[in-house]
Structure formats: C-alpha cells, structure tokens
Amino acid sequence: MELAGYRALWRTQGVTTLLVSSLLARLPMLATTVPIAFLAKDASGSFRWAGVVAGSYAVGTALAGPLWSRTADRRGPRGVLLVTGIAWSVMLLGIALLPGSLFRLLPVLAVLAGAFVPPVSQTLRAAWPRVVAGLALRTAYSVDATAQELLFMAGPMLGATAVSVASPRLGVLLAAAMSAVFIWWYALRQPKPLPHGSHTAARLSARQLLWHRHRLPLILAFGLWIMSFSGISLAIVAYADGHGQRLIAGVLEAVWAFGSLVGGAIAGALPGRRTSYLWRRAALVTAGMLLCVFATWSSLSLGIALAMSGLTLAPAIGALYGRLGALTPDNARTEMFGWMSSMATVGSAIGAAASGALIDGFGVRYVWLLAAVLAAVSTVLLVRVPPEQAPAPEPEGVLELCAVPSAPQ
C-alpha cells in the first residue's frame, strides 16, 4: 500500500471543501426517506400508501435526473444546482405542511419533489477529472464511493431520529432547511466551467451517449449491482424478522457498510496494477454475494460474510465511476452520470420487488443467490470494457476550483 494518491488528492486546492460540501448536500436527500414514509403512513393509516408515495418519488427522480444533468453539461452546474435546490426545498416544505386530510395529494407532491432532486452526485463525479488527475483521480472516485457508505448510514439515521424525537413533519422540514443551505454551498464550490468551445462542439444525443459499446455495459452493470444491493437490504430485514430480533437488521446493515468503508479506504491507497480490469473487481463482488448464500445459518456467520462481501463493494463502484468518467466526453459527463442514477433508481425498485417475492416463495438465502447471479451477469458485461492504465503520481491538482481566488497576473 502507498498513500501517494491520497497525498496528491488532499494537496489539491479546494478538494476538501468540494468533497465535504457534496456530502452535506447529499445528506438531506437520504434523510427524507424515513420521515416521508412515516408521514404518509400516519396520514393514511397504511404502509401500502407509504410505498405508493416512495414509488412516486422514485419515478420523478428517474425521469427528471438525466434532464437536469444534461442541462448542467450545457449551461454549467451552478445554476442548475441552485434552481433545483430551491425548488426541492419548496416541494419538501409543501409535503411537510400538507394537511392530513389531503394525504391523497402526497403522490403528486412526491413526483414533483423527485423531479427536482438536485444532481449533486452527478456533478461531483463529472467534476473530478477537471480538478485532479493521475493517482489522485482514481483515489477521488474511491473516496467518493466510500464516503457514500457513510451517507447511507447517517442519512436514514438522522431522519429516524427526527421522527422519534419529534414528528415526521419535523423530519421533512429539517431536510428542507438543510438542503437550502448545503446545496447552495456546494453549488458555489463548482470547478471552473469548460471553455465555450467545449460546450458547443461534438454534442452527443442521449441515444449516442448511451448506445456505446463500453458505456452501455457500464450502466447496465451498475443497475444490476444496485438491484442486488436493494434485494440484500430487504433480505437482511426479513432475516432479522424471521429470527424475532429486528435489531439485528441495523447491526448487519452497519457491518456490511463498514466492510465497504474499509475496502474503499484500502483501494484508494493501493498503487494498482499496470492495467486494472474492472471485471476482476466485479468477479470479487460476485464471490462476496455467493459467500453469504452459505452463511445464513447464524447471525454471526452472516455478519462475517457480509463484512467480507462489503470489502469488495466500494472498490468496484469507485472503479466503475472512474471508467465511466474516462470513457465519456467531458461535455457530456454529468448527463452520463445522470443516466447512471436513473438506472440505479430503476434497479433498486426492481430488486426490492423481486426479492420480496423470492423471500415469500423460497426463503431469505435465495436472495443472496439471486444477487450473486446478477453480479455474475455484470461481470460478463464488463469483460470487454478496456482496462484502466496505472496512472503516474501527480504532485499537484490539474485545476483550481472556481471558488478559490487565483493570484493576480
């Protein structure tokens, strides 16, 4: 292991602020899920209605995400982030203040809220190649994938705490206030815009962007991963419920996420092979899923298997981010990551539905078997994706961030 990538990354001016502001901007997006679900349930008296509201939110996000990302590529990310950030906060405010007697309007407001979710993750991943290069770029994608695990733990916990201490309405209001502040801060930390000619030349249509021999397999493989992750989360809940100890679900989820954190941190410090094939990391993800199939006989064995499986996740996801960014033109990179987010939304919905049917029909362990099959298919899809060449260390960042004043000429 070596720390050259980390050193090069943190030495680049403005990187720390960009990363921290992006994490804070994404936090309210994950903190809203629990309060909105309980708000819908309390108003209607049914968790089925909460599912309808969650599905409506996902539809809005999947449909509008690529459009906002494409606009960010064409007109710059700052304005898009500010507009969507304000609009999303207003939509959340509307959901929080909606009278209980009008709960049938919640799906409509949820679709609108989903349609205005700011493209924070997409703009960050598109920005990294403009900010750093070499080992620092690979480390940046690894750090991004690793930090996302922290968000998946902290966001829902924050929302659940607000619901427990006060009410679902307060939880949604808290997310609206956080988004208004943090997304504004992140928007102001965006890198310098591309030269004018870069925005206008060789603009690809959505079909040209997606229907590519390398980009399409990357998007499909990511969707299959998210499908399997969503199913496993449901399987963990079902496993805990079946053993009469629902607290186990939180512990197992935390163990799984912690394994991914450790794996991502290690991957960011590794010097890497001369050529790094993404399908090899996908094969390790498959092996981790398969290991869990044979570990459901006790909570301890499943926890160990989940920790080992988690070690493979962030390194594979970070490498996929890097490959997709490198194989996409700079003036379309945000849109490409927008399509990736939409694929993740669709994959999550399909994975949860399929796993629920599998649990009822066959049992929990078969969800991990399905996840292993999906990961194996993704491995096959990634075989033809060209490898990443080992980068040379970069002592300095490529570009300064626009929010950092440059020295007078």
Side-chain angles (χ1 to χ4, degrees), residues 1-12 14-27 29-31 120-129 131-158 182 186 189 218 221-222 225-226 228-230 232-233 252-272 276 278 280-282 284-285 288-289 306-326 337 340-341 344 348 375 388 391 397:
M1 292 179 63
E2 60 182 43
L3 299 177
Y6 283 110
R7 286 196 297 269
L9 179 65
W10 302 128
R11 274 204 301 263
T12 304
V15 159
T16 302
T17 307
L18 179 67
L19 181 61
V20 171
S21 64
S22 74
L23 292 176
L24 291 175
R26 283 180 280 182
L27 183 61
M29 299 177 189
L30 293 169
V120 175
S121 298
Q122 300 93 306
T123 53
L124 177 69
R125 290 159 195 162
W128 284 130
V131 178
V132 291
L135 283 174
L137 178 58
R138 189 185 65 184
T139 303
Y141 280 120
S142 181
V143 168
D144 182 20
T146 305
Q148 188 135 311
E149 296 295 337
L150 288 173
L151 291 175
F152 280 123
M153 289 190 291
M157 185 181 299
L158 178 62
F182 295 144
Y186 171 70
R189 306 304 304 180
L218 286 167
F222 186 72
W225 284 352
I226 298 301
S228 64
F229 299 162
S230 175
I232 287 173
S233 293
L252 292 177
E253 284 277 9
V255 167
W256 194 30
F258 180 75
S260 185
L261 280 172
V262 173
I266 294 173
L270 291 175
S276 177
L278 182 55
R280 292 173 177 168
R281 297 197 179 194
L284 290 176
V285 172
M289 303 294 186
L306 282 170
M308 296 180 67
S309 173
L311 289 172
T312 68
L313 302 185
I317 294 171
L320 189 144
Y321 290 162
R323 288 284 74 212
L324 187 61
F337 282 113
M340 171 184 274
S341 295
S348 178
E388 176 188 8

K.L.:
As a quick check of understanding, evaluate side chain to side chain contact (heavy atoms under 4.5 Å, CB included) for Leu320 and Met340, giving each step before the final call.
P.N.:
CA-CA 11 Å; Leu320 189 144; Met340 171 184 274; 3.1 Å; yes

K.L.:
Measuring from Leu306:CG to Leu313:CG, what's the distance to the nearest 0.5 Å?
P.N.:
9.5 Å

K.L.:
Can you sort out the partners of Thr123 under side-chain hydrogen bond (donor to acceptor under 3.5 Å, both in side chains), two or more places apart, ordered by chain and number?
P.N.:
Tyr186

K.L.:
List the steps, then state whether side chain to side chain contact (heavy atoms under 4.5 Å, CB included) holds for Met289 with Phe229.
P.N.:
CA-CA 10 Å; Met289 303 294 186; Phe229 299 162; 3.4 Å; yes

K.L.:
Over all heavy atoms of both residues, which pair between Gly264 and Ser142 is shortest? Give the atoms and the distance, please.
P.N.:
O-OG, 2.9 Å

K.L.:
With sequence neighbours excluded, what pairs up with Ala31 under the side-chain contact (heavy atoms from CB on, under 4.5 Å) test?
P.N.:
Leu158

K.L.:
According to side-chain contact (heavy atoms from CB on, under 4.5 Å), who are the partners of Ala147, at least two apart in sequence or on a separate chain?
P.N.:
Leu23

K.L.:
Between Leu9 and Leu137, is there a side-chain heavy-atom distance shorter than 4.5 Å?
P.N.:
no

K.L.:
What I'd like to find out is whether the side chain of Leu151 reaches to under 4.5 Å of the side chain of Met29, using heavy atoms alone.
P.N.:
no

K.L.:
Going by heavy atoms in the side chains, are Ser260 and Gln148 under 4.5 Å from each other?
P.N.:
no

K.L.:
Between atom CG of Leu284 and atom CG of Leu311, what is the distance when rounded to the nearest 0.5 Å?
P.N.:
10.0 Å

K.L.:
How would you list, by chain and number, every residue that makes a side-chain hydrogen bond (donor to acceptor under 3.5 Å, both in side chains) with Ser22, sequence neighbours excluded?
P.N.:
Arg26

K.L.:
For Ser233, which residues count as a side-chain hydrogen bond (donor to acceptor under 3.5 Å, both in side chains) partner, sequence neighbours excluded?
P.N.:
Glu253

K.L.:
Of Thr16, Leu18, Thr17, which is the lone residue that meets side chain to side chain contact (heavy atoms under 4.5 Å, CB included) with Val20?
P.N.:
Thr16

K.L.:
Are Thr312 and Arg281 packed together at the side-chain level, in the sense that at least one heavy-atom pair is separated by less than 4.5 angstrom?
P.N.:
no

K.L.:
Just jot down the side-chain contact (heavy atoms from CB on, under 4.5 Å) partners of Ser348, sequence neighbours excluded, or say none.
P.N.:
Ile226, Ser230

K.L.:
Drop me the distance from Leu218's CG to Leu278's CG, to the nearest 0.5 angstrom.
P.N.:
6.5 Å

K.L.:
Going through the distances and angles, do Trp128 and Val15 end up as a side chain to side chain contact (heavy atoms under 4.5 Å, CB included)?
P.N.:
CA-CA 9 Å; Trp128 284 130; Val15 159; 4.2 Å; yes

K.L.:
Locate the shortest heavy-atom distance separating Val143 from Trp10; write the atom from each residue and the value.
P.N.:
CG1-CH2, 4.4 Å

K.L.:
What residues form a side-chain hydrogen bond (donor to acceptor under 3.5 Å, both in side chains) with Trp256, not counting sequence neighbours?
P.N.:
none

K.L.:
When rounded to the nearest 0.5 angstrom, what distance separates CZ in Arg7 from OG1 in Thr139?
P.N.:
10.5 Å

K.L.:
So which heavy atom on Pro315 is nearest to which on Gly263, and how close?
P.N.:
CG-O, 3.3 Å

K.L.:
Angle class for the Tyr141/Tyr321 ring planes (parallel below 30°, perpendicular above 60°, tilted otherwise)?
P.N.:
tilted

K.L.:
Find the distance between CG (Leu19) and CG (Asp144) and round it off to the nearest 0.5 Å.
P.N.:
7.0 Å

